[in-house]
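Handing you this structure, nothing more for now.
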Number of protein chains: 2
Amino acid sequence: MKLSSKGRYAVTAMLDLAFHSKKGPVPLAEISERQDISLSYLEQLFSKLRRTNLVASVRGPGGGYTLNREPENLFVGEIIQAVNENIDATKCSGKSDCKGGEKCLTHNLWENLSDRISDFLNQISLQELMQKRDVKEVVGRQSCYQSSVIVTDLEKTTIDTKLNVL
Amino acid sequence: MKLSSKGRYAVTAMLDLAFHSKKGPVPLAEISERQDISLSYLEQLFSKLRRTNLVASVRGPGGGYTLNREPENLFVGEIIQAVNENIDATKCSGKSDCKGGEKCLTHNLWENLSDRISDFLNQISLQELMQKRDVKEVVGRQSCYQSSVIVTDLEKTTIDTKLNVL
DNA sequence: TATTTAACCAAGTAAATTAGTCAAGTATTG
DNA sequence: CAATACTTGACTAATTTACTTGGTTAAATA
Ligand code: FES
Ligand code: FES
C-alpha cells in the first residue's frame, strides 16, 4: 500500500488550487510558494493530474492550471490514485496469488482494508475539505504571509539585501 | 504511512501460529514452510513480536513460539504496530509541523484517515480471522500439502531424486 | 556428556522506492 | 520575436525493504 508524500502533496496542491482558481488559472510557481513544495516536483504531479483530466492547463503568460471539475465532484481518492497509482493494500495487487500462485491466508483482510480506505477517500470532496474550519484557518494564515507578487529566488535575495541595508 | 510485506507477513505468521499452537509451541521453521516466508526474516519479526509480549518463546528441541494471549484478545493492529512501527498517515507524525513548523492544509485529513485505519485493524482479532470461511479454506488446503515431517533442503533433493528414479 | 534442535542476535546487502533536481524542450501571448 | 509558463525525460541521493550470512546460546535427548 502506498500513501506517501507524493499523494499528500498532490491533495494539498489541489486544495490550494481550489481556493485560488476562481480568478483564472493559477501558475504552479504560486502553489509552490504557498505550500512549500518544489516546483519541479509539482510539475511532475500536475502532469499526471492533467492526464487524468482532473485539471486543465493554460499555457503562455497569465496561464496556469484550473480545476477541471467542480470541487464538490472532485474527490481526494481520485487525486491520490492519479499520482500514486493505487491504494491497494494486498500484496498480490488483487490477483490472489501471492503465495506461489495461490491465495495467502490474509488476502481478504487486506482487500477489506483497501476497500475501507478507498471508500473513505472517495467520499471526501475538495469542497468538503474547503469548508472545514481548520483548513480555513490555515489558508487565512497563508494569505497573510503570501505576497501577491511572485518573487523569484534572485529577486528575494535582492530584497533581503535591501532590508539588510535598512 | 507504512503497510508493507513486513506487516502482512507478521499477521499471516501470527494467524498460522494461532491455528497450530494448540498442541504446544510451534517452531518458526514450520511457519516458514507453510507460509513461504524466509526463516531468517520470520526470526526478525518474531523477535519484535516477543519484545512486545504478543508471543512467548520456548528454546531447545520441541520448542518454538506460542501466542501470549487468547486469539480473541489479540488484534491485527497490534501485530502490525509491533513490527511496523506505526500506521500513521500524516507526514509530520502527528506533530502538526510539516510545513516549516506549521500545520499543513491537509493535516487533519490524514489524521482522520489514520484513525479510521487504526480503528479497523484494532477491531479485528485473530479469533475473528480464524472463523472466516475463506481463511479456513486456505488453511485446509495448506494442511493437505503440508508434510508432517520437517524436510530440509538437502533431504528434499534426495527425495526428488528418489522420485525421479521411480 | 555429545549432539541436536531451535531461539536469539548482529551485520551486511541488492533491489526498489521516494522525493526530489536538472536541462532541454514546446506552446502561447503580447 | 521575446518572455512566460507548461512539458518531458533523464538523472540522483537518501532511504527503506526484504531479505541473507554467520554466528551464539539454551534446552532436551540419546
Ligand atoms: S495478498 Fe492477495 S494472495 Fe496474498
Ligand atoms: S501532515 Fe501534519 S502538518 Fe502536514
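For clarity, every value in this text was computed on a predicted model and none was experimentally measured. Letters A, B, ... mirror the listed sequences (proteins, then strands); counts begin at 1.
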Using heavy atoms to find the nearest nucleotide of DNA chain C for A/L39 and B/L28 separately, return the residue whose nucleotide is more 5′.
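Result of the comparison: B/L28.
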Would you indicate whether the side-chain heavy atoms of B/K132 and A/N108 approach each other to under 4.5 Å?
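They are not in contact (no side-chain heavy atoms under 4.5 Å apart), so the answer is no.
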Please state how far atom OH in A/Y41 lies from atom C1' in D/dA13, giving the value in whole angstrom units.
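Going from A/Y41 (OH) to D/dA13 (C1'), I get 14 Å.
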Give the rounded distance in Å between these two atoms: NZ of A/K6 and P of D/dA14.
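From A/K6 NZ to D/dA14 P: 20 Å.
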Please determine, by modelled atom types, if B/T66 and B/S21 share a side-chain donor-acceptor pair under 3.5 angstrom.
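No pair is found: no donor N or O on one side chain lies under 3.5 Å from an acceptor on the other.
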Over 60° means perpendicular and under 30° means parallel, so classify the ring planes of A/F46 and A/Y65, tilted if in between.
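The rings of A/Y65 and A/F46 sit tilted, inter-plane angle from 30° to 60°.
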Is there a donor and acceptor pair closer than 3.5 Å between the side chain of B/Q44 and the base of D/dT17?
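No.
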Is it true that A/E111 and A/K103 have a side-chain N and a carboxylate O under 4.0 angstrom from each other?
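Result for this pair is no, no salt bridge flagged.
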Contact class for B/Y9 (heavy atom, under 4.0 Å): base, sugar-phosphate, or nothing?
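Contact class for B/Y9: sugar-phosphate only.
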Check the distance between D/dA18's P and B/I37's CD1 and give it to me in whole angstrom.
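B/I37 atom CD1 is separated from D/dA18 atom P by 12 Å.
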Should B/R50 be listed as having a side-chain N or O under 4.0 Å from OP1 or OP2 of C/dA7?
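Checking B/R50 against C/dA7: no side-chain N or O falls below 4.0 Å of OP1 or OP2.
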When you get a sec, tell me which of C/dT21, D/dC19, D/dA26 is the closest nucleotide to the side chain of B/R59?
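Selected nucleotide (nearest to the side chain): D/dA26.
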Could you check how far CG of A/L42 sits from P of D/dT8, rounded to whole Å?
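The answer, rounded to whole Å, is 16 Å.
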On DNA chain D, does the nearest nucleotide to A/R51 precede the nearest nucleotide to A/P61 from the 5' side, or the other way round? Give the residue.
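With A/R51 and A/P61 compared, the 5'-side residue is A/P61.
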Atom-to-atom span, NZ of A/K48 to C1' of C/dG20 - whole angstrom:
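A/K48 atom NZ is separated from C/dG20 atom C1' by 13 Å.
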In whole Å, what is the span from the CD atom of A/E30 to the C1' atom of D/dA5?
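From A/E30 CD to D/dA5 C1': 12 Å.
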5' priority, DNA chain C, between B/S57 and A/E43 [closest heavy atom]
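Between the two, 5'-proximity favours B/S57.
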Output yes when at least one side-chain N/O atom of B/S38 is less than 4.0 Å from OP1 or OP2 of D/dT20, else no.
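For D/dT20, OP1/OP2 do have a side-chain N/O of B/S38 under 4.0 Å.
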In whole angstrom, what separates A/Y65's OH from D/dT4's P?
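Computing the A/Y65:OH to D/dT4:P distance gives 18 Å.
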Taking atom P of C/dA6 as reference, at what distance in whole Å does atom CD1 of B/I31 sit?
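Value for this atom pair: 12 Å.
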Among D/dT20, C/dT28, C/dC8, find the nucleotide with the atom closest to the side chain of B/S40.
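Nearest nucleotide to the side chain: D/dT20.
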Establish, with yes or no, whether the OP1 or OP2 oxygen of D/dC6 is under 4.0 angstrom from a side-chain nitrogen or oxygen of A/S47.
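No, no such contact exists.
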Run the side chain to side chain contact (heavy atoms under 4.5 Å, CB included) check on B/T12 and B/L15 step by step: do they pass?
CA-CA 5 Å; B/T12 304; B/L15 191 53; 5.8 Å; no
